[in-house]
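Whatever order the structure lists ligands and atoms in, that order sets their numbers, starting from 1.
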Amino acid sequence: MGEIEMADTKRAMQCGHCGEHPAFLERGECRQHGDVLVDPDKSGYQYEFWQKITTWRVLECTLCERPTLVQELVSYHFDFDDVEGRVRKVESAETVILYPQAPTRTILIDLPQTVEKAYRTALDVQTSPNAFAVLAGRTLEAACNHEKAPGRDLASKLNHLANSGHIPQTLGEMAQQLRLLRNLGAHDAEDEVNQDDVPIILDFLEAILEYLYIAPAKINAVKARLAKADEKKGRGTGKTD
Ligand SMILES: [Zn+2]
């Protein structure tokens, strides 16, 4: 009986380098500890036993030609079958990409309560692009309201934020684009928001929230640190760290 068959190319997996879903060419394969698949007929075991095999494969992306290291953990179970004799059955198989590592996304914390609530709600629906776009827009609205930006709709509130220097012009433009994407999600448009738009929307939203709420906190932390140093100097401790 053969081992688990692997086609020469694997589809549907996303390349962690170029972000596409290309075909992959298998360039190398080996097993952890140099393990080999046991032949049940030569193993001495009469009926059934388990085997766990960890396989590492190097795959080359056919688009960007960069390498991906995949780990496959397969648990086999040998069963005795009246008709076929011993049969190798795959109990479970798990594939993990070891390289390149997907950047672990950290979510923003310590936002104003209403903004954080809207942001968390948006994060919960990332698998539904239209809903996500709408809730990302709602998060922007919550931020505008928190900043007490005047205006009758989101567009004019965002303009106010940018024009009054609350956010830089580039972020203001980002916010306006985010608003347009939200409109795509909210209205029954032909061109609706799709899964590829989700990370773009999220990046935009987080850039704006970071600027409004995270950066000032970081600056304050540094200010406090410098003030402390000044205080020490004033007392003449002589420390200059
Ligand atoms: Zn690639």
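- Using a cutoff of 4.0 Å between basic side-chain nitrogens and carboxylate oxygens, Arg31 and Glu29 are scored as salt-bridged.
- Around the Zn ion (ligand 1), the protein N, O or S atoms found under 2.8 Å comprise Cys15 SG, Cys18 SG, Cys61 SG, Cys64 SG.
- Criterion: ILVMFWY side-chain heavy atoms under 4.5 Å apart, direct or through other members. Under it, Leu184 and Val125 are part of a common hydrophobic cluster.
- Tyr99 places none of its side-chain heavy atoms less than 4.5 Å from the side chain of Val70.
- Residues His146 and Tyr213 bring their aromatic ring centres within 6.0 Å.
- Annotation: side chain of Pro216 is not in contact with side chain of Tyr211 (no heavy-atom distance under 4.5 Å).
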Set out, in order, the CA-CA distance, both residues' side-chain angles and the distance that settles salt bridge (Lys or Arg N to Asp or Glu O under 4.0 Å) for Arg66 and Glu60, then state yes or no.
CA-CA 6 Å; Arg66 281 179 281 187; Glu60 181 181 325; over 6 Å; no
